[in-house]
Amino acid sequence: MAKKLLIVESPAKATTINRYLGEDFEVLASYGHIRDLPSKDGAVDPDNDFAMRYELSEGSKKHVDKIVKAARKAEAVYLATDLDREGEAISWHIYEILREKGLTDKVPYYRVEFSEITPRAIKAAIDNPRKLSMDLVNAQQARRALDHLVGFNLSPLLWKKIKTGLSAGRVQSPALRMIVEREREIEAFNPREYWSIEADLEKEGNPFSAKLVRLDGDTFRQFDIDNEKRAHEVRQALLGNANGKLVANRVKRKERKRRPAPPFITSTLQQDASRKLRFSAQNTMRTAQALYEGVAIDGVNQGLITYMRTDSVALSNDALADLRKQIGSQFGDRYVPKKPNFYKTKSKNAQEAHEAIRPTSAALTPDKVRRYLDDRQFRLYELIWRRAMASQMAPALLDTVAVEFDCGDDATFRANGSVITFPGFLAAYEVSVPEGKQEQESQLPDINEGDRVQLQDIRAGQHFTEPPPRYSEASLVKAMEEYGIGRPSTYASIISTLLRRHYAELDRRRFVPTDTGRVVERFLENHFSHYVDYEFTAKLEDELDAVSRGEAEWIPLLREFWDPFIKKVKEKEETVSRDEAKNVRVLGKDPKSGKDVTVRLGRYGPHAQIGHRDDEDKPKFAGLRPGQKIDTITFEDALELFRLPRKLGSTPEGEAVSVNVGRYGPYVRYGDK
DNA sequence: CAGTGAGCGAGCTTCCGCTTGACTT
């Protein structure tokens, strides 16, 4: 009996949908893209209208074979890949392969789309099929071709001018740039001194503190006191004015609402898992994948979360009802808002092919599934479950109070406090404090206008402004998402590319650019600024959108990019010397030989050099020590490197003994050992 | 481990975005 064939991208999704559709359907997975450009030059031919030579992807053959076989006997074929640009292209590739085999004439082909996996949504999709959108497919092809052309023309230029094996690309290069630019900011940063003044107060045995907010009749600003002497004077004057007591002159009370955050998408999940669980982006994705694919619960395999690679904060109506029901029964009706909370997707270039990340069933509380999960899975599931629950709960209510204490006529202290009167969503989910900010609102004793409080002391605290922090995996993903660089499925792999190329290293979970990374970044920024610009992807996305709406053609779009791009590549190949590309720094003249002392990036890493390779004598070399950087090493430190190798003496047999520093640290050698 | 860095120059490297692989014994 002939069946209808329905094709999706993910096998876990195929299993679920198969259950919903029953006997009439066979549901197969493509396992993502099935054809791609090979990793070779010439896969895109700019001289022939950017003709693209696709090849079956490694490992796709068995999946394609299965699809072909099923298509031969199917009575209809439904292409149900994701509803975004990439998904449309996958459907088209499947169609093309089946067309080449002569399988598209006999039975109808339908393109169907749904953004939530529920029986209702899938049935509705099947009842309302559409045609393949070649405009959307062509937008994808333009994206694909451009990425290939950028990567496979810039990378070889780097091999020629800097070092073999390096890489550049539309996405990895701006990401590298963020890391390098941040490091430069940190190096250029001059800390500024400032002082804070705080009063330690007490009311009926309850201590609290208040900050100085007004001094000399004016708002007290961060840098108003910038030295110890002045801080001391101010403190003495205030102590004198107060005389051991302060009076609460003004008390302002306010009720504040605090709203929950939207449910997770890929980027926010990676950020929160990094902050709260200290998971790497890769670890988070691997663990989420396991939760998505499901675990055996009482003998039945069950997916625990929805799809984890998504850029949409939207929840299906079924999910909203499910969460609200669970919130009501677990926390009580007060915690269920009158209407569901709605969130807007704010990330640039979002394609919203999937729902937000949420538990497939809110009733599966973390406690209930704990014994089926390993520790990492449990902690990630709990995070996802709590965040999704919280996103549909009522706001938290806080009573805030601000009390001002005048100290003499010209100065004022202020104490802030807040009390949670109704926890709302906080009952399910703790909000983490963003980087660099400190939460300092605490509880205050009950204070009313006119109350006198004891002054214990006034403290002057010295502070220095701090440079911006280096990027963590979490903050880098956040920044990439803000610029629209990279996609949910690639954030984690971009990070591993930067590490694999040794463009950056992780030091205490923060990215530090290497010399290689800095040299590559500088080369690209100096000579290809347009293509590594943060705005490049954003502009490209606008143009691709126009293509997908049928308002622009993809080939002219590529032509407009390609002609100036390849011209620039050719030009730079001629005009930029290797020395310039490698960022050779001349530090000074060697006092002994009078030759130039330089630092540069060599084949085996950064090194210092006396003399030039065109000199009659071979130049002398010395590798930089760990921690020394091409951009920052001083002349003196570089000369110091040449004090080794040093002869210590000779062995009784007359062999020379010397000491040197090699790749693996200092060592002593004698003779040829 | 190996303690280099020129020169000769073959053959190699490289993009982004979708999705999970698992042979035998």
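These numbers come from the heavy atoms of this one structure, side chains and all, not from hydrogens, waters or symmetry mates. A, B, ... follow the sequence lines: proteins, then strands. Residue 1 opens every chain.
Residues that satisfy the ring pair (Phe, Tyr, Trp, His ring centres under 6.0 Å) test with A:F279, not counting sequence neighbours, are absent from this structure. By the ring pair (Phe, Tyr, Trp, His ring centres under 6.0 Å) test, A:Y372 pairs with no residue at all, sequence neighbours left out. Partners of A:H530 under the ring pair (Phe, Tyr, Trp, His ring centres under 6.0 Å) rule, at least two apart in sequence or in another chain, are A:F536. By the side-chain hydrogen bond (donor to acceptor under 3.5 Å, both in side chains) test, A:Y109 pairs with no residue at all, sequence neighbours left out. Checked against side-chain hydrogen bond (donor to acceptor under 3.5 Å, both in side chains), A:H148 has no partners two or more places apart in sequence or in another chain. For A:T287, the side-chain hydrogen bond (donor to acceptor under 3.5 Å, both in side chains) partners are A:N283, not counting sequence neighbours. By the side-chain hydrogen bond (donor to acceptor under 3.5 Å, both in side chains) test, A:S167 pairs with A:Q172, A:R501, sequence neighbours left out. Legend: residues meeting ring pair (Phe, Tyr, Trp, His ring centres under 6.0 Å) with A:Y471, ordered by chain and number and at least two apart, are absent.
A salt bridge does not link A:E574 to A:K160: none of the charged side-chain nitrogens sits closer than 4.0 Å to a carboxylate oxygen.
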Contact letters for nucleotides 8-16 of chain B, in which S counts primed atoms plus P, OP1 and OP2 and B counts the base, heavy atoms under 4.0 Å: -----BBBB
Going 5' to 3' along nucleotides 19-24 of chain B, which nucleotides have protein heavy atoms under 4.0 Å from the base (write B), which only from the sugar-phosphate (write S), and which from neither (write -)? BSSS--
Where each pair must be Watson-Crick or G-U wobble with both distances under 3.5 Å, what dot-bracket representation of DNA chain B is obtained, with crossing pairs in [ ] and other-strand partners as |? .........................
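Remark: the separation of the P atoms in B:dT24 and B:dT20 is 23 Å, to the nearest Å. The separation of B:dC16 from B:dC12, taken at their P atoms, amounts to 23 Å, rounded to a whole angstrom. B:dC23 and B:dT19 are spaced 24 Å apart, taking the P atom of each and rounding to whole Å.
Applying the side-chain hydrogen bond (donor to acceptor under 3.5 Å, both in side chains) definition to pairs two or more places apart or across chains, those involving residues 556-570 of chain A are A:R559-A:D563.
In this structure, CD of A:Q141 is placed 16 Å from P of B:dC18, rounded to the nearest angstrom.
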